[in-house]
Amino acid sequence: MSKDSFIDNLYRAASNMINQFNTDEPLISEEATDMLNNAQTKEQIVDKILNNPMTGKVTLNHKGEDITFFVEA
């Protein structure tokens with residue numbers, strides 16, 4: 001690969017990354033932020049998703065409401 005091609009590919013990759021995050025919408029929704037700031041929900045996330053990794057549906061209880069996630073990996 002020539003030096004010019006390498007630089008062009010690097011520039012294209014960097015531009016794609018910047019454009020990917022160039023949005024008015026937040027990367028994390030307000031609902032997800034609220035859940036991550038809640039101590040009980042955060043404990044469930046750690047217990048059900050991080051400590052016991054599995055794929056499929058995972059149900060968390062956040063402020064008395066059941067919320068189901070699909071975990072892929």
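Predicted model, so just to flag it, every value in this text is computed and none were measured.
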Chemist: Partners of K57 by salt bridge (charged side-chain N to carboxylate O under 4.0 Å, His left out), sequence neighbours excluded?
Modeler: none
Chemist: Do D66 and L60 have side-chain heavy atoms sitting under 4.5 Å apart?
Modeler: no
Chemist: Can you name the nearest heavy-atom pair linking T41 to N61, along with the distance?
Modeler: OG1-O, 3.9 Å
Chemist: Using the side chain to side chain donor-acceptor pair (under 3.5 Å) criterion, which residues pair with D34? Sequence neighbours excluded.
Modeler: H62, K63
Chemist: List the residues meeting side chain to side chain donor-acceptor pair (under 3.5 Å) with N52, not counting sequence neighbours, and say none if there are none.
Modeler: none
Chemist: Supply the atom-to-atom distance F69 CZ to M35 CE, rounded to the nearest 0.5 angstrom.
Modeler: 3.5 Å
Chemist: Got a second to check how far T55's OG1 is from F70's CZ, nearest 0.5 Å?
Modeler: 6.5 Å
Chemist: CD/E43 to CG/N38 distance, rounded to the nearest 0.5 angstrom?
Modeler: 10.0 Å
Chemist: What is the minimum heavy-atom distance between I67 and E31, and which atoms define it?
Modeler: CD1-OE2, 4.2 Å
